[in-house]
Amino acid sequence: MSLDDWRLVFISVCLVLVVAAYAPVTVALLPSRDEPFFALTILGEEGMMEHYYPNDDPLIDVGEEVRWNVYLYNHMSETQLVAVKAKLLNSTVLAPNSTSCSPSPALVIFEVRRMMMHNQTWIFPFSWSISKVERDDDFLVVNSFSVNGDSIDTHVVALNGFNYRIILELWVYDEELRDFRFGWGDNYEARCAWNQVWFNVTSPE
Amino acid sequence: MLSRKLRSLMAIFLMVTSFFCLIHVSQAFGDGKEGSSRVLQTWYSIEASYLSLLQAERAGGDVSELVAHLNTALELYSEGEIALESGEYEAVVLITDEANEISSEVLEYSMSLMVASKHFMDVIFRNQLFRSFSVVCFVLLFGFLGWKRFKVYYIRKTMGLIPEVVVDES
């Protein structure tokens, strides 16, 4: 190797060492490139993605308790204040729109708020039952619904009690709005998380 | 005559009962109003504590304990809402007082944590910057000196080489 080649080697080694020396400072100044996200999942009684109904039968009787668990994971790089809102719908009421991140217009039957740190998982029980049902010709009306022991008056109608669904929406506290909003991210990259489980209700005798 | 007396007695009775009913209703209405404003106040208190906690976390502070405390306040807030719906105003007062106390503590602590963390992070950053600068100076100085020595060594070695014997075939 000639002297010029050795000079090049020396300069390269020095440059690499200088860059390595400033790496910790640069890393501290650079923003995190991790994609922020939340995960929301409805789990069955045993905390698995199975056995959502008693005896695996989606036909739910009045007063029959259905036990679920709700799984929530925060990967937003910082502590977040979140609210999980549960809604009871039939098949005709609009579900949340994942593209525009607009929530379902249905009535909120249950809401829970929680503060979650980055990388934190939170699983909470979600037990529900139908307290009161009425028949109106071919339709079935759910008049009262109970979640985690709290009862709420509803009026959700479905043809012969088929195709009811429970929707869980994840609302995140927005610092600028000073309120919760459905989803997270800005207008260009809005993201939202919601989940639904369908069931049928037995008609009263 | 008797019916006239009975009628006036009835009227007095109705007036007295309506008076007591009015007092009861206005009291209940007042309690309800106070209860809902207490619950709302608790929410604002939790909200302010959360925003302060967020600033402390962004400044580099460890907020795990504060998050746990504020979650307790959030649970109490939910209990307060339920108590308000069921008209248990005394319970609302007790619950919201406790929640307010917790969130005020969190607010106070997170503010001081933010200041301390900011200062601590500044010190860490300055130390890191100084360390990096020292390493760079060391690299440049010893690189330059090392190169000088190597150059001398290389030239001496090259000059001291015995030229190879070339076979002239011509």
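Naming convention: chains lettered A, B, ... in sequence-line order (proteins, then strands); numbering from 1 in each chain.
At a 4.5 Å heavy-atom cutoff, the contact between Tyr22(A) and chain B is made by backbone and side-chain atoms alike. Gln128(B) touches chain A through backbone and side chain together, each having a heavy atom under 4.5 Å away. Looking at Tyr77(B), the atoms closer than 4.5 Å to chain A (heavy atoms on both sides) all sit in the side chain, from C-beta outward. Residue contact with chain A, scored on non-hydrogen atoms closer than 4.5 Å, involves the side chain of Ile82(B) exclusively. Contacts between Ser86(B) and chain A at a heavy-atom distance below 4.5 Å are absent for every atom of the residue. Neither the backbone nor the side chain of Phe142(B) comes within contact range of chain A; no heavy atoms are under 4.5 Å apart. Contact annotation for Phe138(B): neither backbone nor side-chain heavy atoms come within less than 4.5 Å of a heavy atom of chain A. In this structure, the portions of Leu129(B) lying under 4.5 Å from any heavy atom of chain A include both its backbone and its side chain. Contact annotation for Glu85(B): neither backbone nor side-chain heavy atoms come within less than 4.5 Å of a heavy atom of chain A.
The stretch residues 117-131 of chain A places Met117(A) near chain B, each with some heavy atom under 4.5 Å from a heavy atom of that chain. Near-neighbour residues of residues 162-175 of chain A relative to chain B, defined by a heavy atom under 4.5 Å from a heavy atom of that chain, comprise Tyr173(A), Glu175(A).
For Tyr109(B), the OH atom counts as loosely surrounded, since its 6.0 Å shell holds 12 or fewer non-hydrogen atoms of other residues, nucleotides or ligands. Around the CZ atom of Phe37(A), the shell of radius 6.0 Å holds more than 12 heavy atoms that belong to other residues, nucleotides or ligands. Summarising the local packing, CH2 of Trp198(A) is surrounded by more than 12 heavy atoms from other residues, nucleotides or ligands at distances under 6.0 Å. The neighbour count for Glu108(B) CD, taken as heavy atoms of other residues, nucleotides or ligands under 6.0 Å away, does not exceed 12. More than 12 heavy atoms of other shown residues, nucleotides or ligands fall within 6.0 angstrom of atom CD in Glu46(A). Atom CG of Asn127(B) has more than 12 neighbouring heavy atoms from other residues, nucleotides or ligands inside a 6.0 Å radius.
The greatest number of non-hydrogen atom pairs below 4.5 Å with chain A, out of Leu53(B), Val139(B), Leu70(B), is found for Val139(B). Comparing Phe144(B), Phe125(B), Trp43(B), Phe133(B) by heavy-atom pairs within less than 4.5 Å of chain A, the highest count is held by Trp43(B). Heavy-atom pairs under 4.5 Å with chain A peak, among Val135(B), Val63(B), Val67(B), Ile124(B), at Val67(B). Counting heavy-atom pairs under 4.5 Å between each of Val25(A), Val18(A), Thr79(A) and chain B puts Thr79(A) at the top. Considering only heavy-atom pairs separated by less than 4.5 Å from chain B, the leading option among Leu17(A), Leu3(A), Val112(A), Val13(A) is Leu3(A). Highest contact tally toward chain A, considering only Ile155(B), Ile46(B), Asn71(B), is held by Asn71(B) [criterion: heavy-atom pairs under 4.5 Å].
Salt bridge annotation for Arg58(B)-Glu78(A): present, with a cationic side-chain nitrogen under 4.0 angstrom from a carboxylate oxygen.
When every heavy atom of Arg178(A) is checked against every heavy atom of Leu51(B), the shortest pair comes out as CZ-CD1, 3.4 Å. Closest of all the heavy-atom pairs between Ser132(B) and Ala21(A) is OG-O, 2.7 Å. The minimum heavy-atom distance linking Gly143(B) with Cys14(A) is given by the pair CA-SG, 4.1 Å.
Residues satisfying the salt bridge (charged side-chain N to carboxylate O under 4.0 Å, His left out) criterion with Glu111(A), sequence neighbours excluded, are Arg113(A). Applying the ring pair (Phe, Tyr, Trp, His ring centres under 6.0 Å) test to Tyr71(A) and every residue at least two apart in sequence or in another chain returns nothing.
The OH atom of Tyr154(B) sits 8.0 Å away from atom CE of Met1(A), with the distance rounded to the nearest 0.5 Å. The distance from atom CZ of Phe10(A) to atom NZ of Lys148(B), rounded to the nearest 0.5 Å, is 12.5 Å. With rounding to the nearest 0.5 Å, the separation of CG in Asn148(A) from OG in Ser78(B) is 11.0 Å.
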Q: I would like to know whether Leu81(A) and Leu74(B) meet side chain to side chain contact (heavy atoms under 4.5 Å, CB included); could you show each step before the answer?
A: CA-CA 10 Å; Leu81(A) 177 54; Leu74(B) 270 172; 3.8 Å; yes
